[in-house]
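Presented below is the structure to which this report refers.
Not measured: the values here are computed from a predicted model. Residue numbers count from 1 along this sequence.
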Amino acid sequence: MRRRDAVRNLVVLSVLVVWLKINFQTPGRYTGHKPWGPSPRCKNSDADIRRLVNLAYKVHLILQRMGIDCWLMYGSIWGPLRGFEGPLPWDDDIDIGINGDGKFNQIEFEEFKIPFTFHGLSIENRLGQSSIIIISEEHADSWPSLDLFVFYDVNGVMKRSGFEPWVTPIHFHLYHSFPSKLVKQPLPKVKFGFFNISVPRNGIEIMKHLYPFNWWKVVRPFNCKT
């Protein structure tokens with residue numbers, strides 16, 4: 001019986017250690033640490049940057065016409081913050097946030113998809129997983145893609161929904177939540193390529209919530225030495 005209890009306790013402890021490691025894992029390719037995918041290239045070509053910006057513009061325009069508030073999120077904010085007027089040179093996708101409590105919550109998802117598919121964009125629904133909609137050009141390879149993050153105001157804090165936030169609450173509290181006042185409309189705008197798009201208020205303030213342990217650093221991908 002003692003041996004069985006010891007084995008059980010060891011299993012429980014191992015599961016707890018793994019769970020905590022996942023919860024405290026730093027997210028995002030911006031940080032140079034993306035354990036579930038390849039490290040991004042050091043510098044995109046001008047053509048690649050244009051593809052990223054064009055996709056962002058398409059999605060931004062559709063959301064704007066639908067009356068859905070949106071803003072740059074996560075790593076996509078770093079480019080404008082550092083004066084690039086577009087994505088970081090090594091960025092490999094676009095991140096945009098929307099308010100799930102507004103117009104988005106008033107329409108069925110199939111209705112939401114219509115203008116995107118009409119404009120040649122494919123939609124992957126991961127709302128139940130972690131409040132993400134992945135958008136890419138139809139009939140193209142998987143690059144570039146745009147992650148559309150749906151946030152909900154929970155007592156003054158913007159949070160994502162889905163089973164991942166439920167399973168790893170510490171992770172989502174540390175890296176995927178921020179005060180709702182930072183996205184209170186109307187938002188300031190920045191130049192992103194050839195168009196203007198909204199960003200959260202107070203400049204770098206939101207990054208202190210999304211990247212709490214390295215928001216002050218300029219972090220390049222692991223494979224980029226300079």
Side-chain angles (χ1 to χ4, degrees), residues 27-30 34 36-37 40 51-80 86-88 91-154 157-169 171-173 175-178 180 182-183 185 187 192-193 195 197-200 206 209-210:
R29 295 191 179 182
Y30 155 74
K34 189 76 171 182
W36 302 285
R51 289 181 69 185
L52 284 168
V53 170
N54 286 338
L55 179 57
Y57 177 70
K58 272 189 178 183
V59 173
H60 164 263
L61 195 60
I62 292 170
L63 292 171
Q64 191 176 55
R65 288 173 176 172
M66 295 177 73
I68 297 176
D69 296 331
C70 69
W71 56 85
L72 290 179
M73 269 302 297
Y74 296 112
S76 292
I77 303 176
W78 283 120
L88 289 171
D91 212 347
D92 58 358
D93 67 357
I94 298 294
D95 300 321
I96 288 181
I98 66 173
N99 187 346
D101 295 311
K103 182 68 178 294
F104 177 79
N105 196 39
Q106 300 170 8
I107 59 177
E108 296 293 331
F109 188 75
E110 290 304 313
E111 181 183 352
F112 172 81
K113 287 171 51 177
I114 291 174
F116 293 94
T117 54
F118 179 81
H119 287 89
L121 298 173
S122 65
I123 300 287
E124 181 181 348
N125 183 355
R126 294 190 185 176
L127 292 173
Q129 176 180 335
S130 54
S131 227
I132 300 177
I133 301 168
I134 300 177
I135 303 173
S136 57
E137 296 281 357
E138 197 172 10
H139 307 307
D141 55 26
S142 59
W143 196 92
S145 65
L146 182 147
D147 291 340
L148 190 65
F149 298 91
V150 184
F151 288 88
Y152 298 90
D153 191 342
V154 181
V157 178
M158 299 301 283
K159 296 184 177 183
R160 286 160 55 187
S161 62
F163 73 80
E164 285 187 8
W166 184 80
V167 172
T168 56
H171 174 86
F172 276 83
H173 175 75
Y175 307 117
H176 304 286
S177 63
F178 56 92
S180 57
L182 296 181
V183 290
Q185 298 292 326
L187 291 174
F192 199 75
F195 73 103
I197 188 170
S198 297
V199 290
I206 193 172
H209 299 274
L210 303 177

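Remark: V154 engages K159 in a side chain to side chain contact (heavy atoms under 4.5 Å, CB included) (not counting sequence neighbours). Contacts of T117 classified as side-chain hydrogen bond (donor to acceptor under 3.5 Å, both in side chains), with partners at least two apart in sequence or in another chain: none. Scored by the ring pair (Phe, Tyr, Trp, His ring centres under 6.0 Å) test, Y74 finds F149, H176 as partners (sequence neighbours excluded). Here D147 pairs with nothing under the side-chain hydrogen bond (donor to acceptor under 3.5 Å, both in side chains) rule; sequence neighbours left out. Residues satisfying the side-chain hydrogen bond (donor to acceptor under 3.5 Å, both in side chains) test with S198, not counting sequence neighbours, are K189. The side chain to side chain contact (heavy atoms under 4.5 Å, CB included) search around E124 returns R126, I134, not counting sequence neighbours. Partners of S131 by side-chain hydrogen bond (donor to acceptor under 3.5 Å, both in side chains), not counting sequence neighbours, listed by chain and number: S161.
Between atom CZ of residue F178 and atom CD1 of residue I206 there is a gap of 4.0 Å, rounded to the nearest 0.5 Å. Taken to the nearest 0.5 Å, the CD1 atom of I96 stands 6.0 Å off from the CG atom of L72. Taking CZ of F163 as the reference point, atom OG1 of T168 lies at 9.5 Å (rounded to 0.5 Å). The distance from atom CD1 of I135 to atom CG of L55, rounded to the nearest 0.5 Å, is 7.5 Å. Atom-to-atom distance recorded for L210:CG and Y175:OH is 11.5 Å, nearest 0.5 angstrom. Atoms CG and CG, on L146 and D93 in that order, are 7.5 Å from each other to the nearest 0.5 Å.
Side-chain contact check for L182 versus M158: every heavy-atom pair is 4.5 Å or farther apart. Y57 is not listed as a side-chain neighbour of I197, based on a closest heavy-atom distance of 4.5 Å or more. Looking only at side-chain heavy atoms (C-beta outward), S180 and F151 stay at 4.5 Å or farther from each other. Side-chain contact between L127 and I133: present, with at least one pair of heavy atoms (C-beta onward) separated by less than 4.5 Å. A 4.5 Å side-chain heavy-atom check between N99 and V183 finds every atom pair outside the cut-off.
Residues L52 and D92 share a closest heavy-atom pair of CD2-C, 4.1 Å. Closest approach of D91 to G75, counting heavy atoms only: OD2-O, 3.9 Å. The nearest pair of heavy atoms linking I94 to A56 is CG2-CB, 4.0 Å. Listed here is the closest heavy atom pair of S130 and E164: CB-OE1, 3.4 Å. Nearest heavy atom pair, residue V53 against residue F192, reads CG1-O, 3.7 Å. Minimum heavy-atom separation, D95 to S76: N-OG, 2.8 Å.
Within a 6.0 Å radius of OH in Y152, other residues, nucleotides and ligands contribute more than 12 heavy atoms.
For residues 114-134, the set of pairs meeting the ring pair (Phe, Tyr, Trp, His ring centres under 6.0 Å) definition, not counting sequence neighbours, comprises F112-F116. The side chain to side chain donor-acceptor pair (under 3.5 Å) contacts involving residues 100-113 comprise nothing, where partners must be two or more places apart or lie in separate chains.
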Side-chain atoms of residues 58-65: list all donor-acceptor pairs with protein atoms under 3.5 Å, sequence neighbours left out, distances to 0.1 Å.
unit_1	atom_1	unit_2	atom_2	d
K58	NZ	E137	OE1	3.4

